[in-house]
Amino acid sequence: MKILKLSILFLLLAGGIFLALNWGKVFGSSDADDWFVDENMIDIQEKCDEIRAAWAEAQGWDETLYQQQSDDINQSKEMKLFSLDGYNTVKNCLIESATNKVYDSFMAALHDKNFSDAKLQNSYKGVKTLKAKESLSSESRLNKLDQLYALYTNIKNFINSPHTISPHFDKNTASWNSFAAAQKQVLDQASALRGNPLFSEMSNVPGFSAGLDVKTLQGKLSQQKRSFYETLSNQIVAHFSSLEATQDRVNLFAQIYNNFGSQVYPDNYGVSNLAAFKVSYKVAEDNETY
């Protein structure tokens with residue numbers, strides 16, 4: 001029995017030593033070191049010089065170049081040509097070179113006197129690629145480009161909008177949206193976009209300064225005032241035309257007529273339409289209550 005116990009103990013000790021020495025082979029390993037060797041099998045400085053030279057020659061962001069270099073680094077890693085430090089050095093060289101190029105090309109496109117939206121869009125594609133594939137969400141220069149592009153997009157959408165102010169008569173509350181309030185909202189938005197500190201970077205973008213000029217924009221919006229109130233008066237008349245005249249409704253229409261007139265004065269757009277209907281909108285004698 002003693003011999004049996006000693007044999008079992010020996011087997012356990014031997015098994016433990018074997019597992020300790022061959023753990024990775026038996027169970028596999030997720031250690032990053034498995035991808036790397038102790039000494040680089042390629043010249044790291046030469047590889048970095050090659051990466052930098054390619055980006056120096058690139059005319060703006062080059063998605064194909066980035067992918068080729070990234071694939072080359074990954075293939076070299078899989079072939080175990082890098083030490084860990086060597087891999088990190090080459091990888092950082094690619095990230096730095098690509099980030100420099102995308103930042104410089106974006107800013108150059110934005111400031112170009114012969115501004116090109118296509119060039120700006122291509123540069124911003126690089127921002128999205130680097131953030132997604134290199135996990136650079138906190139990179140300050142790329143974040144600045146994100147902010148610039150967002151402002152650029154918002155201004156472009158703003159100046160391309162007709163800013164149509166349409167009336168809506170609420171049948172339930174007998175009220176309507178304010179033309180003045182809608183106009184102010186548009187003008188406030190223009191002022192906010194123009195007041196953004198990053199707007200100074202966009203002086204060469206065609207139409208941006210003129211499109212955000214509040215005085216010019218106010219004049220264009222004011223041209224919609226006639227159409228707004230004439231359409232609104234038609235909506236009001238159409239609504240009451242569908243309703244039999246009762247004293248309460250006649251009184252309500254008279255109140256609407258007064259409110260409408262005070263808003264549109266002194267232009268009086270749409271007032272004559274309401275006035276004509278007001279004359280005819282009477283309680284029938286059979287329906288009058290005393």
Side-chain angles (χ1 to χ4, degrees), residues 32 35 44-78 82 84-161 189-212:
W35 290 103
I44 299 301
Q45 186 60 52
E46 183 179 328
K47 178 61 70 173
C48 284
D49 290 344
E50 176 187 314
I51 290 171
R52 293 190 184 101
W55 281 107
E57 294 178 3
Q59 301 299 311
W61 170 255
D62 190 328
E63 190 83 12
T64 301
L65 174 60
Y66 166 78
Q67 196 59 56
Q68 287 174 345
Q69 291 185 339
S70 183
D71 290 345
D72 178 63
I73 292 172
N74 289 333
Q75 288 170 7
S76 297
K77 174 185 172 184
E78 292 173 2
F82 289 123
L84 179 58
D85 287 342
Y87 170 79
N88 288 335
T89 299
V90 173
K91 187 68 173 176
N92 289 336
C93 181
L94 170 58
I95 292 173
E96 180 185 8
S97 299
T99 301
N100 288 342
K101 178 60 67 173
V102 78
Y103 182 84
D104 292 344
S105 63
F106 185 99
M107 297 304 291
L110 193 60
H111 296 156
D112 195 338
K113 291 182 179 180
N114 297 315
F115 176 79
S116 168
D117 177 77
K119 289 182 179 180
L120 192 73
Q121 297 295 344
N122 182 65
S123 295
Y124 189 66
K125 183 179 180 181
V127 176
K128 293 188 291 184
T129 295
L130 290 175
K131 280 202 163 191
K133 295 189 175 182
E134 303 296 350
S135 301
L136 298 178
S137 60
S138 61
E139 214 287 337
S140 59
R141 288 176 298 171
L142 296 183
N143 287 339
K144 179 181 178 180
L145 298 187
D146 262 337
Q147 294 170 3
L148 283 166
Y149 185 78
L151 179 61
Y152 169 79
T153 302
N154 288 339
I155 294 176
K156 184 169 69 170
N157 291 339
F158 180 88
I159 64 177
N160 288 333
S161 170
Q189 187 179 358
S191 296
L193 290 170
R194 197 181 185 96
N196 189 304
L198 294 176
F199 179 71
S200 61
E201 302 279 5
M202 304 187 182
S203 58
N204 287 331
V205 181
F208 271 26
S209 294
L212 295 179

*Dump the intermediate steps for side-chain contact (heavy atoms from CB on, under 4.5 Å) on R194 and I155, then the final yes or no.*
CA-CA 9 Å; R194 197 181 185 96; I155 294 176; over 6 Å; no
[Y] side chain reached by [X] side chain, heavy atoms, under 4.5 Å:
{"X": "I44", "Y": "V90", "result": "yes"}
{"X": "L142", "Y": "D146", "result": "no"}
{"X": "I73", "Y": "I51", "result": "yes"}
{"X": "Y152", "Y": "L198", "result": "no"}
{"X": "Q147", "Y": "N196", "result": "no"}
{"X": "T89", "Y": "F82", "result": "no"}
{"X": "L193", "Y": "F199", "result": "no"}
{"X": "S76", "Y": "Y87", "result": "no"}

Could you report the tightest heavy-atom contact between [X] and [Y], atom names first, then the distance?
{"X": "A190", "Y": "F158", "result": "CB-CZ, 3.6 Å"}
{"X": "E57", "Y": "Q59", "result": "O-NE2, 3.3 Å"}
{"X": "F115", "Y": "A109", "result": "CD1-O, 3.2 Å"}
{"X": "H111", "Y": "N204", "result": "O-ND2, 2.5 Å"}
{"X": "G60", "Y": "S105", "result": "CA-CB, 3.7 Å"}
{"X": "Q69", "Y": "E50", "result": "NE2-O, 4.4 Å"}

Nearest-0.5 Å distance that lies between atom [atom1] in [X] and atom [atom2] in [Y]:
{"X": "W55", "Y": "D104", "atom1": "CH2", "atom2": "CG", "value": "11.5 Å"}
{"X": "I159", "Y": "L212", "atom1": "CD1", "atom2": "CG", "value": "7.0 Å"}
{"X": "K156", "Y": "M202", "atom1": "NZ", "atom2": "CE", "value": "11.0 Å"}
{"X": "L145", "Y": "M107", "atom1": "CG", "atom2": "CE", "value": "7.0 Å"}
{"X": "L65", "Y": "S70", "atom1": "CG", "atom2": "OG", "value": "11.0 Å"}

*Evaluate the criterion side-chain contact (heavy atoms from CB on, under 4.5 Å) for residue pair N157 and T153; output intermediate values, then yes/no.*
CA-CA 6 Å; N157 291 339; T153 302; 3.6 Å; yes
*asked:* K77: which residues meet the salt bridge (Lys or Arg N to Asp or Glu O under 4.0 Å) condition with it, sequence neighbours left out?
replied: none
*Check side-chain contact (heavy atoms from CB on, under 4.5 Å) between K128 and all other residues, then give those that pass, not counting sequence neighbours.*
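K128: side-chain contact (heavy atoms from CB on, under 4.5 Å) contacts with Y124.
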*Within the distance-only criterion (no hydrogens, no angle test), does the side chain of D112 pair as donor or acceptor with the backbone N or O of A108 below 3.5 angstrom?*
no
*Pair listing, side chain to side chain donor-acceptor pair (under 3.5 Å) test, anchored in residues 91-100, at least two apart*: K91-E134, N100-R141
*Using a cut-off of 6.0 Å, state whether more than 12 heavy atoms not belonging to K101 lie near its atom NZ.*
yes
*Would W61 and V127 count as a side-chain contact (heavy atoms from CB on, under 4.5 Å) if you check the C-alpha gap in whole Å, the side-chain angles of each, and the deciding distance to 0.1 Å?*
CA-CA 9 Å; W61 170 255; V127 176; over 6 Å; no
_side-chain hydrogen bond (donor to acceptor under 3.5 Å, both in side chains) between Q45 and D49, intermediate numbers included_ = CA-CA 6 Å; Q45 186 60 52; D49 290 344; 2.9 Å; yes
If we count only N and O atoms by modelled type, under 3.5 Å, do the side chains of [X] and [Y] hold a donor and an acceptor together?
{"X": "Q121", "Y": "D117", "answer": "yes"}
{"X": "Q68", "Y": "D72", "answer": "no"}
{"X": "E78", "Y": "N74", "answer": "no"}

*Kindly determine whether L110 and L120 satisfy side-chain contact (heavy atoms from CB on, under 4.5 Å), including the steps that lead there.*
CA-CA 7 Å; L110 193 60; L120 192 73; 4.2 Å; yes
